[in-house]
Amino acid sequence: MKTLKSLSDKRLIVECQLNGENALFLLDTGATVGLIDRKASKKYGLKSTRDFPGTLTGAGGELRRVKICDTFAYLMGKPMTQFLIADIEDVVESIRRETGLEIAGIVGLPQMKLAGIRIDANDNEIIIEEDGD
């Protein structure tokens with residue numbers, strides 16, 4: 001098992017590799033999907049494959065023009081997939097104002113479970129299970 005600390009004491013933010021480059025992601029246990037901001041998708045050269053066949057609604061309201069993105073983000077070598085591309089610029093800006101860090105996207109709870117990522121909220125620590133743990 002590997003552990004790392006969040007880059008912020010206010011939010012769970014980690015550095016991942018996205019299309020071969022470092023990118024920051026918010027770990028959000030309340031999110032049911034993983035999202036990459038539309039502007040970040042262009043910055044990191046990501047391609048959307050097709051429209052998402054539904055509507056996403058969250059605390060920030062309804063997301064429109066959501067695309068499916070067939071890419072992986074790697075957290076300490078652990079692959080995470082199933083990202084959608086959407087305009088989450090308001091969330092990105094809110095996190096930037098609060099933490100001083102600019103995220104490329106959000107990792108949702110289902111992605112964390114699939115990748116074997118657990119959160120120790122008491123210590124702001126991220127635990128990454130290795131194969132066989």
Side-chain angles (χ1 to χ4, degrees):
M1 147 173 50
K2 300 175 188 174
T3 61
L4 70 147
K5 291 280 190 183
S6 171
L7 296 174
S8 169
D9 60 350
K10 296 177 181 178
R11 298 286 184 137
L12 293 171
I13 298 176
V14 294
E15 185 175 78
C16 296
Q17 282 63 52
L18 184 61
N19 208 16
E21 296 185 52
N22 293 337
L24 301 182
F25 280 81
L26 172 71
L27 299 181
D28 186 348
T29 59
T32 58
V33 296
L35 298 169
I36 295 175
D37 184 54
R38 190 173 317 284
K39 285 183 181 177
S41 73
K42 291 175 183 169
K43 175 181 176 180
Y44 293 98
L46 305 178
K47 305 289 183 213
S48 60
T49 56
R50 59 195 178 281
D51 290 338
F52 179 72
T55 303
L56 295 177
T57 305
E62 194 172 280
L63 295 176
R64 301 188 194 306
R65 298 186 317 125
V66 177
K67 301 283 189 180
I68 295 172
C69 182
D70 293 329
T71 194
F72 288 88
Y74 294 88
L75 177 58
M76 293 185 74
K78 272 289 199 171
M80 297 176 289
T81 188
Q82 301 177 344
F83 285 98
L84 301 174
I85 295 174
D87 180 4
I88 57 168
E89 188 173 339
D90 290 344
V91 173
V92 171
E93 179 58 23
S94 174
I95 298 294
R96 189 195 60 71
R97 280 194 314 268
E98 183 180 359
T99 67
L101 301 170
E102 185 166 326
I103 62 168
I106 298 168
V107 175
L109 183 60
Q111 291 169 299
M112 286 184 251
K113 286 181 176 181
L114 285 171
I117 297 168
R118 294 183 288 129
I119 307 295
D120 179 345
N122 292 326
D123 293 326
N124 227 15
E125 194 170 66
I126 296 94
I127 301 151
I128 304 165
E129 297 172 358
E130 297 185 79
D131 295 337
D133 280 353

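Atom CG in L12 sits 10.5 Å away from atom NZ in K5 (nearest 0.5 Å). Between the CD1 atom in I103 and the CD1 atom in I95 there is a gap of 5.0 Å [rounded to 0.5 Å]. Going from atom CG of L84 over to atom CD1 of I106 covers 11.0 Å, rounded to the nearest 0.5 Å. Residue L75 holds its CG atom at 4.0 Å from CD1 of I128, rounded to the nearest 0.5 Å. Here T3 contributes atom OG1 and I126 contributes atom CD1; the two are 9.0 Å apart, rounded to the nearest 0.5 Å. Interatomic distance, CD1 of I13 versus CG of N124, reported as 10.0 Å (0.5 Å rounding).
Minimum interatomic distance between A86 and L35 (heavy atoms only, all atoms of both residues): CB-CD2, 4.3 Å. Taking all atoms of both residues into account, the shortest heavy-atom contact from C16 to A73 is CB-CB, 4.4 Å. In terms of heavy-atom proximity, A104 sits nearest to A40 at O-CB, 3.6 Å.
When side chains are defined from C-beta on, L24 does not count as touching V14, because their heavy atoms never get closer than 4.5 Å.
With sequence neighbours left out, the side-chain contact (heavy atoms from CB on, under 4.5 Å) criterion links D120 to N122, D123, E125, I127. D51 pairs by the side-chain hydrogen bond (donor to acceptor under 3.5 Å, both in side chains) definition with K67, not counting sequence neighbours.
Within 6.0 Å of the NZ atom in K47, the count of heavy atoms belonging to other residues, nucleotides or ligands does not exceed 12.
Follow the hydrophobic side-chain contacts under 4.5 Å out from V107 and you reach L4 in the same cluster. Residue I36 is not grouped with residue L109 when hydrophobic side chains (ILVMFWY) are merged at heavy-atom distances under 4.5 angstrom, including chains of intermediate members. Under a hydrophobic-cluster definition in which Ile, Leu, Val, Met, Phe, Trp and Tyr are linked whenever side-chain heavy atoms come within less than 4.5 Å, directly or via other members, F72 and I85 are assigned to different clusters.
No donor-acceptor distance shorter than 3.5 angstrom exists from the side chain of E21 to the backbone of L18, with no hydrogens or angles considered. Listed for the E130 side chain is a donor-acceptor partner under 3.5 Å among the backbone atoms of M1.
For residues 12-47, the ring-ring contact (aromatic ring centres under 6.0 Å, His included) pairs, not counting sequence neighbours, are F25-F83. Listed by first then second residue, pairs satisfying side chain to side chain donor-acceptor pair (under 3.5 Å) with a partner in residues 26-43 read K39-E89, not counting sequence neighbours. Residues in residues 68-86 take part in no side chain to side chain donor-acceptor pair (under 3.5 Å) pair, two or more places apart or across chains. For the salt bridge (Lys or Arg N to Asp or Glu O under 4.0 Å) condition, the pairs that include at least one residue of residues 91-102, sequence neighbours left out, are R11-E98, E93-R96, E93-R97.
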